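All remarks here apply to the structure that follows.
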Protein chains: 2
Amino acid sequence: MKNWLDYIVFLSWDMKTLISSNAMQAKLREHIEKIVSLTDDEFTFVLSHFSFRKVKKHQFLIQEGDLVNYSYYVVSGLLKLSHTDANDKEHILHFAMEDWWVSDYKAYFSRTKATLSLDCLEEAGVFCLSLADSEKLFAGLPKMEHFFLKKSHFGYIASQQRVLSLLTTSAKERYEQFLMQYPSLMQRVNKSLIASYLGVSRETLSRLSS
Amino acid sequence: MKNWLDYIVFLSWDMKTLISSNAMQAKLREHIEKIVSLTDDEFTFVLSHFSFRKVKKHQFLIQEGDLVNYSYYVVSGLLKLSHTDANDKEHILHFAMEDWWVSDYKAYFSRTKATLSLDCLEEAGVFCLSLADSEKLFAGLPKMEHFFLKKSHFGYIASQQRVLSLLTTSAKERYEQFLMQYPSLMQRVNKSLIASYLGVSRETLSRLSS
DNA sequence: TTCTTAATGTGACATACATCACACCGAAAT
DNA sequence: ATTTCGGTGTGATGTATGTCACATTAAGAA
């Protein structure tokens, strides 16, 4: 017996987007309501400030040097936020999966050019929020500012933990931490990328895991 | 011709605290007004949620294992936020000087035990804000939530930059970056601490600077 | 299928950095 | 003045990790 969702494959692209977009909206709402509760009207208002977008593998949402127009909420799929240094080596700040907010926030808030790039590892669905729309959103519904304050706190704390981990632990320990923290990612992304995230060469990572 | 401030030395401790505390309040207000403007009444309201405190060298504001009751705004002096690992090695997350907000935010927001410690390197003046008072403050004056949202964004961005710097650069480059970013700290704090901040041994740091 | 390219493992060697040991100096304590 | 001790520099040596090279396999493209 087949799941009815399988049949969506046969529908037109627009139809697919419409249907899946409803499921996506439910996810966004659920995500927000973990922190602030919303009436239906309020959620409709919130939603009107976002646009939804599908991203294909290898597509860039942000490229270094561009202006950064959006902050992204990832509903599904997988992206990576990274920086490429002068020697063309890529360093990964973090992966972004379901339920993550991601952008080059430095460039986003200061309306300057990106120093990071954000691209897609697995076909993804994201909600996009521009800085101007976020301001309108806060003006019309102040509790959303509270929501983002909490989110920002978590982000800050997570980033600080990462600093600490880079300061205190060896490559091997970081690798083990990573396994614990993101077991699924070991399968989903290639080892070179994980090495770039951990701050070691891919050869070293290979030796660590064997 | 002497500055009138010199004479404060002869006043009683209480009197000194009172007078300096007025100057401190002005600093706090100026700091906040860089982001949101306040009427006199509003500032009085804000201030009523803070307590002011002097901290002496070697005094701890947070010790690992304790509950974290406050977030601190540093008016003057110098503190360090650090973590001591299993091998008794200290790692410095950051120094905190004039105009910085600092705490073990993970423990503060989740009301759990501190994994970081915050102690004083140079006699300091700090404003203390408890989590409960911050909530009251936001309830009474929502624009303060906006203020802290901006602050949190900056903190997050700065922390991300630090991650990037640890991922991309060598000890020598980090040392040079540090010189650029905090020239005054090279004089103010001993080299071992700077080494702990940069994530290298004090011997290596010594060799880098010669 | 066959060809081409990407991902991964592994050896040999180079190097940045840690660790241990000790010397020197200047500031505080006695 | 003498002693003690924290801060700093520096040599000798060890080690984790990077780099380069090449082989193997898996995955896409034609």
Side-chain angles (χ1 to χ4, degrees), chain A residues 56-60 78 80 82-92 95 119-123 162-179 182-210, chain B residues 56-59 78 80 82-92 95 119-123 162-179 182 184-210:
Chain A
K56 297 223 182 74
K57 197 166 168 169
H58 298 133
Q59 221 178 314
F60 281 81
L78 184 62
K80 70 168 202 277
S82 62
H83 171 74
T84 301
D85 70 19
N87 305 316
D88 259 348
K89 245 208 270 200
E90 183 183 46
H91 304 272
I92 297 188
F95 299 101
D119 68 298
C120 181
L121 300 177
E122 290 173 10
E123 170 152 336
R162 181 115 196 267
V163 169
L164 214 49
S165 156
L166 288 166
L167 285 176
T168 60
T169 65
S170 67
K172 174 156 212 172
E173 291 169 299
R174 290 203 299 280
Y175 167 69
E176 281 156 5
Q177 280 181 207
F178 185 85
L179 277 179
Y182 308 111
S184 69
L185 286 186
M186 283 305 293
Q187 278 73 54
R188 288 168 75 182
V189 314
N190 78 49
K191 308 300 176 79
S192 299
L193 294 181
I194 292 175
S196 308
Y197 175 87
L198 295 175
V200 295
S201 68
R202 82 174 180 78
E203 292 94 332
T204 297
L205 177 64
S206 166
R207 283 184 255 262
L208 289 179
S209 47
S210 60
Chain B
K56 297 222 182 72
K57 197 165 169 172
H58 298 131
Q59 221 178 314
L78 184 61
K80 70 169 203 280
S82 62
H83 170 75
T84 302
D85 69 20
N87 305 315
D88 258 348
K89 244 207 278 202
E90 182 183 45
H91 304 272
I92 297 187
F95 299 101
D119 68 300
C120 181
L121 299 177
E122 289 173 10
E123 171 152 335
R162 182 113 196 270
V163 169
L164 214 49
S165 156
L166 289 166
L167 284 177
T168 60
T169 65
S170 67
K172 174 154 212 170
E173 290 169 299
R174 290 203 299 280
Y175 168 68
E176 281 155 6
Q177 278 181 210
F178 184 85
L179 277 178
Y182 308 110
S184 69
L185 286 186
M186 283 306 292
Q187 278 72 55
R188 289 168 76 183
V189 315
N190 77 50
K191 308 300 174 79
S192 299
L193 293 181
I194 293 176
S196 308
Y197 176 86
L198 294 175
V200 294
S201 69
R202 80 170 183 80
E203 292 94 331
T204 297
L205 178 63
S206 167
R207 283 184 254 263
L208 290 178
S209 46
S210 58

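Scope of the values below: all heavy atoms of this structure, side chains included, with no hydrogens, waters or symmetry mates. Below, chain A is the first sequence line, B the second, and so on; all start at residue 1. Keep in mind it's a predicted model, so treat the numbers as computed, not measured.
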Between [X] ([atom1]) and [N] ([atom2]), how many Å, whole number?
X: Asn87(B); N: dC20(C); atom1: CG; atom2: P; value: 11 Å
X: Leu166(B); N: dT17(D); atom1: CG; atom2: C1'; value: 16 Å
X: Leu167(A); N: dA18(C); atom1: CG; atom2: P; value: 11 Å
X: Leu198(B); N: dC17(C); atom1: CG; atom2: C1'; value: 13 Å
X: Asp88(B); N: dT19(C); atom1: CG; atom2: C1'; value: 16 Å
X: Leu208(A); N: dG9(C); atom1: CG; atom2: C1'; value: 13 Å
X: Met186(B); N: dT8(D); atom1: CE; atom2: C1'; value: 12 Å
X: Leu205(A); N: dT19(D); atom1: CG; atom2: P; value: 14 Å

Any donor-acceptor N or O pair under 3.5 Å, side chains [X], [Y]:
X: Ser206(B); Y: Glu203(B); result: no
X: Glu90(B); Y: Thr84(B); result: no
X: Asp85(A); Y: His91(A); result: yes

Run the side chain to side chain contact (heavy atoms under 4.5 Å, CB included) check on Leu198(B) and Thr204(B) step by step: do they pass? CA-CA 11 Å; Leu198(B) 294 175; Thr204(B) 297; over 6 Å; no
Dump the pairs, protein N or O against N or O of nucleotides 10-12 of chain D, anything under 3.5 Å, distances to one decimal.
from: dG11(D); atom 1: N7; to: Arg207(B); atom 2: NH1; distance (Å): 2.9
from: dG11(D); atom 1: O6; to: Arg207(B); atom 2: NH2; distance (Å): 3.2

Lys NZ or Arg CZ of Arg174(A) over Tyr197(A) ring: under 6.0 Å, within 45°: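 Checked: cation-pi criterion not met.
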Pair Lys57(A) + Glu122(A), salt bridge at N-O below 4.0 Å: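 A salt bridge is absent here (no side-chain N lies under 4.0 Å from a carboxylate O).
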Checking Gln177(A) against Ser165(A) for the side chain to side chain contact (heavy atoms under 4.5 Å, CB included) test, could you report, in this order, the C-alpha distance in whole Å, the side-chain angles of both residues, the deciding distance, and whether it holds? CA-CA 9 Å; Gln177(A) 280 181 207; Ser165(A) 156; 3.3 Å; yes
Just to confirm, is there a sub-4.0 Å distance from OP1 or OP2 of [N] to any side-chain nitrogen or oxygen of [X]?
X: Lys172(A); N: dT15(D); result: no
X: Asn190(A); N: dT8(C); result: yes
X: Lys89(B); N: dT19(C); result: yes

Side chain to side chain contact (heavy atoms under 4.5 Å, CB included) between Lys191(A) and Met186(A): does it pass, once the steps are laid out? CA-CA 8 Å; Lys191(A) 308 300 176 79; Met186(A) 283 305 293; 4.1 Å; yes
Please determine, for the side chain of Ser170(B), which listed nucleotide (dA18(C), dC17(C), dT17(D)) has the closest atom? dC17(C)
What one-letter contact string describes nucleotides 25-30 of chain D from 5' to 3', where B marks a base within less than 4.0 Å of any protein heavy atom, S marks contact via sugar-phosphate atoms alone, and - marks no contact? ------
Assess whether side chain to side chain contact (heavy atoms under 4.5 Å, CB included) is satisfied between Arg162(B) and Leu167(A), documenting all intermediate values. CA-CA 11 Å; Arg162(B) 182 113 196 270; Leu167(A) 285 176; 3.9 Å; yes
